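Everything below concerns the one structure shown next.
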Amino acid sequence: MVVSLVTACLSFVPLYSSEPLTRIQLAITIDDLPWVGAVPAEGSNADAMNRIAATLRVHDAPATGFVVCNRVIGNKVTEQILQNWVAWGLTLGNHTSAHLDLNTTNPDQWLEGVRQCDSYLRKYGSAVSPYLRFPYLHQGNTKSKRNQVSKALANMGLGVAHVSVDNSEWILNRNYARVIQNGKNNKAALRHQLGIEFIRHIEATLQHAHTIAIRKTGRAIPQILLLHANTLVDDKLDELLLALRSKNVEFISLEQALADPAYSLEDGYIGPKGLSWLYRMKPQSVQDATWDEAEALIVEKNSRHVLANGVEHNTLANTGFLKLSHASADNLANVYFQASKSERMRALLIMHKGQLIAEGYFNGAGPETPQNLKSITKSLVSALIGIALRKGWISSLDEPIKNYLDISEKIPAGNITIRELLTMSSGLKAVDYGSIQQSENWVTTLVSQNVDTKQKGVFHYDTGIMQLLTALLTKVGGSPIEELAQRELFTPLDASTNYWRTDSNGIAFGGADAYLLPRHLIKLGELYRLGGLNSNTQLLANNYVSDSITKQILPKNRTINHNTLQTHGYGYLWWLIDLGGEAAYAALGHGGQILLVAPKRALVVLMNSRWPGPSSSEHYHHLRDILVDGILPLFPAETASSEGN
């Protein structure tokens, strides 16, 4: 029985598709801080800006946010947004005090606004970039105005933050905000398709800018992308950065981009238009702006197409894609209806006896939307240790890490065993995760800490320490973790990673920030349900899976996920779950990422949630209700003779 309640994959087809680009360096700039336009889809403006900042950090994408200072000065709430932005390691720039259009404003008044903003931003010290972004990219429509402003900016020590990848993102945001505010039927499908158009459009404008740069300079130059602090960017920045990475884009800072000689060429344009720097620089080529105008029409046309074809009646307003194939389809439909009530839900997949029988995507996500695993990454790393055992790269979990890593005999941390890392019981003094991420060498920072012998064998959950495992795997596997995982694990499972963040030495994060499609991630749960067996091939060492889901250590706290799940132990980077006396196990991640295996029911359930921002107790309770009260009763425990099918 197959039931399709919602068809989010509308007849909309993107009008542009590009091949991977020649390696392009891209600086990201975000205008109109602290916020512009409609309120975000979830939470406050401050929550949204924290999500944007967190996303940039995960992608190691430096960014400069240009501030409209009158929206901040004297307002504690908006000032906190800037303080948080700086705390994430991002920079600020001058967007004038009132966002006045230089073309229609007296230059003395306009410059006074620049000075006021410059004076205010100085409180943020070294986090302030010495650049100004002209509102509307209008740099003066007369020669005298241009000369006066240019001289004044030079005297203030302010350079111009040029834009090479201008775009019509604002058109999409207008429609995106309208969909969210109006609460349209099938709004999640509309959000999803508008997000696809957003990514298509940015890729197209980047490709166009790259082509113009080569034509005018004879080479590829660093590009500078303009985005805005709005609800579209809040929702879709993660997907955009993943898409750009897949097209061979490298993220750099604004300062690095502007250091290229192309941005020091003479500005050859004086007039009313807000133009890309690539059109302004000599020899100026205003005619190139006709491409922008045509592309803006395509954006409008595609947006109208999405809105016109996405208004079918749908009681699951936050669900953009839902397919059910099961005798209990009607009951499952109710489960997905309950799941759709959360603004944080992104995906819910159910696999029974090896078959994916139900999948749904929420709040603008879709089947092709990669999800950040957060701490489920730890369980993925555990699987790779199982592969290393099978391959003979490591001989025993009780070996000290100094046997594989370059650690001096004098350093106590070198005696930590692989098993102690897998069970979070090394006794190594915890280091603030933020401090680790800012250190030059994560492994050196970690092993330089003291080992408390009294705490050896005591469970202490620590994300940072997982970097020792990925460093070890990189060494014994002879290749980066992403390559190792693809070759040894994902290719046999017909899956792949989309992105896996690395540290400054190119070692993949062991504790978080691997990205997979939900359809691929749920296969990891099924692999464990089958004891590491895939198509009659043992991928993980014999008995490693059974040991991984057996109590190796007992955490002090017996409840997890905001007291919504009971745990009766911890295995090898897997939580052992007590479902009212029934044994299950789960990989869990920040924000509401749950990969749960209920072996007696031959069941694997995956829940993905929006990850940036603080954990929500309300959301965790919502997830628990969906899982325990909604899904599990539909799949009774198997008898002993039929278990494992």
Side-chain angles (χ1 to χ4, degrees), residues 27 29-33 36 64-73 91-124 127-167 170 209 216 221-229 253-255 257-286 288-289 292:
T29 62
I30 300 181
D31 281 11
D32 297 345
L33 267 63
V36 61
T64 300
F66 286 91
V67 183
V68 181
C69 290
N70 279 359
R71 300 176 187 172
V72 181
I73 297 173
T91 56
L92 300 170
N94 191 325
H95 204 28
T96 77
S97 64
H99 203 266
L100 297 179
D101 183 347
L102 177 57
N103 287 353
T104 59
T105 306
N106 178 281
D108 292 325
Q109 179 188 358
W110 189 88
L111 285 167
E112 181 57 28
V114 175
R115 294 187 184 96
Q116 290 174 359
C117 195
D118 183 61
S119 177
Y120 168 76
L121 289 175
R122 289 181 184 179
K123 66 187 291 183
Y124 296 99
V128 179
S129 294
Y131 296 103
L132 172 126
R133 170 67 50 76
F134 283 88
Y136 312 105
L137 302 185
H138 290 169
Q139 299 191 26
N141 53 350
T142 66
K143 185 174 182 180
S144 61
K145 186 179 289 188
R146 163 78 67 77
N147 290 341
Q148 179 182 349
V149 167
S150 297
K151 183 177 180 180
L153 294 179
N155 289 337
M156 283 187 276
L158 288 175
V160 177
H162 297 299
V163 173
S164 64
V165 188
D166 194 13
N167 56 83
W170 62 273
K216 294 187 70 171
I221 69 169
Q223 301 289 344
I224 302 172
L225 172 65
L226 167 63
L227 298 173
H228 293 86
S253 70
L254 176 62
E255 288 75 11
L258 289 174
D260 188 278
Y263 292 100
S264 298
L265 296 172
E266 185 178 349
D267 188 338
Y269 174 76
I270 297 176
K273 294 186 176 182
L275 295 176
S276 159
W277 173 250
L278 295 173
Y279 310 159
R280 304 183 69 96
M281 67 185 191
K282 281 194 171 181
Q284 62 89 7
S285 55
V286 179
D288 285 326
D292 301 64

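In what follows, every heavy atom counts, from backbone to side chain, and hydrogens, waters and symmetry copies are set aside. All values reported here derive from a predicted model rather than from experimental measurement.
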Item to check | Asp292 versus Tyr279, side-chain donor and acceptor atoms under 3.5 Å | outcome: yes

Checklist entry - What pairs with Phe134 under ring-ring contact (aromatic ring centres under 6.0 Å, His included), at least two apart in sequence or on another chain? => result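 Phe134 satisfies ring-ring contact (aromatic ring centres under 6.0 Å, His included) with Trp110 only.
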
Item to check | Set of ring-ring contact (aromatic ring centres under 6.0 Å, His included) partners for Tyr120, sequence neighbours left out | outcome: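 By the ring-ring contact (aromatic ring centres under 6.0 Å, His included) rule, Tyr120 matches Tyr124.
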
A side-chain contact here means heavy atoms from C-beta on lying under 4.5 Å apart; do [X] and [Y] qualify?
{"X": "Ile270", "Y": "Asn141", "answer": "no"}
{"X": "Asp166", "Y": "Leu137", "answer": "yes"}
{"X": "Leu275", "Y": "Tyr269", "answer": "yes"}
{"X": "Glu266", "Y": "Met281", "answer": "no"}
{"X": "Tyr263", "Y": "Ile221", "answer": "yes"}
{"X": "Leu100", "Y": "Pro135", "answer": "no"}
{"X": "Val36", "Y": "Val68", "answer": "no"}
{"X": "Leu227", "Y": "Leu225", "answer": "yes"}

Considering residues at least two apart in sequence or located in another chain, which fulfil the side chain to side chain donor-acceptor pair (under 3.5 Å) criterion with [X]?
{"X": "Asp32", "answer": "His95, His99"}
{"X": "Ser253", "answer": "Gln256"}
{"X": "Gln109", "answer": "none"}
{"X": "Thr29", "answer": "Arg133"}

Can you name the nearest heavy-atom pair linking [X] to [Y], along with the distance?
{"X": "Lys282", "Y": "Gly268", "result": "CG-CA, 3.6 Å"}
{"X": "Asn70", "Y": "Ala98", "result": "ND2-CB, 3.7 Å"}
{"X": "Lys216", "Y": "Pro283", "result": "NZ-O, 2.7 Å"}
{"X": "Leu121", "Y": "Val128", "result": "O-CG2, 3.0 Å"}
{"X": "Ala209", "Y": "Ser164", "result": "CB-O, 3.7 Å"}
{"X": "Cys117", "Y": "Val67", "result": "SG-O, 3.6 Å"}

Let me confirm one number: the [atom1]-[atom2] distance from [X] to [Y], rounded to the nearest 0.5 Å.
{"X": "Leu226", "Y": "Ser276", "atom1": "CG", "atom2": "OG", "result": "10.5 Å"}
{"X": "Leu254", "Y": "His162", "atom1": "CG", "atom2": "NE2", "result": "10.0 Å"}
{"X": "Asn94", "Y": "Cys69", "atom1": "CG", "atom2": "SG", "result": "5.5 Å"}
{"X": "Ser285", "Y": "Leu278", "atom1": "OG", "atom2": "CG", "result": "7.5 Å"}

Is there a donor-acceptor pair under 3.5 Å between the side chain of [X] and the backbone N or O of [Y]?
{"X": "Ser129", "Y": "Tyr131", "result": "no"}
{"X": "Thr105", "Y": "Asp101", "result": "yes"}
{"X": "Trp277", "Y": "Ala262", "result": "yes"}

Checklist entry - What pairs of residues pass the side chain to side chain donor-acceptor pair (under 3.5 Å) test when at least one of them lies in residues 147-156, not counting sequence neighbours? => result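 Sorted result for residues 147-156: Asp108-Gln148.
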
Next on the checklist: Assess the residue pair His228 and Asp31 against the criterion (side chain to side chain donor-acceptor pair (under 3.5 Å)); give the C-alpha distance rounded to whole Å, side-chain angles, the decisive distance to 0.1 Å, and a yes or no.
Outcome noted: CA-CA 5 Å; His228 293 86; Asp31 281 11; 4.7 Å; no

Under the salt bridge (charged side-chain N to carboxylate O under 4.0 Å, His left out) rule, collect the residues that match up with [X], sequence neighbours excluded.
{"X": "Asp118", "result": "Arg122"}
{"X": "Arg71", "result": "none"}
{"X": "Lys123", "result": "Glu79"}

Item to check | Electrostatic pair Arg146:Asp267 at N-O distance under 4.0 angstrom | outcome: yes

Checklist entry - For Ala229, what residues pass the side-chain contact (heavy atoms from CB on, under 4.5 Å) criterion, not counting sequence neighbours? => result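 Expected list: Ile30, Leu33, Trp35, Met49.
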
Item to check | Contacts of Thr142 that satisfy side-chain contact (heavy atoms from CB on, under 4.5 Å) - sequence neighbours left out | outcome: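 With neighbours one apart ignored, the set is Ser144, Lys145.
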
Checklist entry - Given Lys273 and His138, is the side-chain contact (heavy atoms from CB on, under 4.5 Å) satisfied, shown in steps? => result CA-CA 6 Å; Lys273 294 186 176 182; His138 290 169; 5.9 Å; no

